[in-house]
Amino acid sequence: MRMKLIMVATLIPLTLLKAENEEAVIRELKQTLMASCFHGTVAEHGDAEMEAEIREMVFQGRTKQEVVDHYMGIYGERILATPIARGFNLMAWFVPLGVFLVGVLVFVNYLKHRSGEPVTEAVIPEREKTPYDDIIERELREME
């Protein structure tokens with residue numbers, strides 16, 4: 001009797017730990033996989049059918065990678081919320097970083113070459129007097 005009590009006391013925490021681990025795997029899979037309509041992840045969209053399938057597969061003992069591979073076999077790489085970092089998909093990782101670095105370089109270059117003098121208004125030179133200016137003005141007044 002005592003031995004059975006010890007075994008039950010040992011198995012209960014292990015069972016709870018396993019259930020907690022399974023729930024963590026399910027949450028992670030929901031955030032990793034896109035919903036079947038591709039309008040967001042399973043966690044964001046709430047695709048009930050996929051959630052049930054994921055839960056069933058995890059309870060059957062499948063690993064996270066096995067579940068991901070199952071859905072990749074059906075939908076391809078587009079089912080993944082984050083693209084695999086290889087080949088052309090590397091652009092999704094490096095282009096934003098490159099744009100950020102170019103922006104930093106432009107900003108640093110602007111600060112480096114900015115003059116400390118305030119911007120002054122453009123000086124408009126006075127009109128030079130033409131030789132026959134007086135005569136033209138007089139004739140215009142007479143025409144009025």
Distance (rounded to the nearest 0.5 Å) between [X] [atom1] and [Y] [atom2]:
{"X": "L33", "Y": "K64", "atom1": "CG", "atom2": "NZ", "value": "8.5 Å"}
{"X": "I74", "Y": "I79", "atom1": "CD1", "atom2": "CD1", "value": "8.5 Å"}
{"X": "Y71", "Y": "I54", "atom1": "OH", "atom2": "CD1", "value": "5.0 Å"}
{"X": "L105", "Y": "K112", "atom1": "CG", "atom2": "NZ", "value": "10.5 Å"}
{"X": "R27", "Y": "T32", "atom1": "CZ", "atom2": "OG1", "value": "12.0 Å"}
{"X": "R138", "Y": "E142", "atom1": "CZ", "atom2": "CD", "value": "6.0 Å"}

| message | Main chain of N109, side chain of H113: is a donor-acceptor contact present, judged purely on distance under 3.5 Å? | response | yes

Is there a donor-acceptor pair closer than 3.5 Å between any side-chain N or O of E139 and the backbone N or O of I136? no

Is any side-chain heavy atom of M57 closer than 4.5 Å to one of H70?
yes

Closest non-hydrogen atoms of M91 and P96, given as atom of the first, atom of the second and distance, are O-CD, 3.8 Å

Exactly one candidate in E53, E51, E23 meets salt bridge (Lys or Arg N to Asp or Glu O under 4.0 Å) with K30; the answer is E51

query: Mind checking whether L101 and V108 sit in one hydrophobic cluster, side chains of I, L, V, M, F, W, Y counted as touching below 4.5 Å?
result: yes

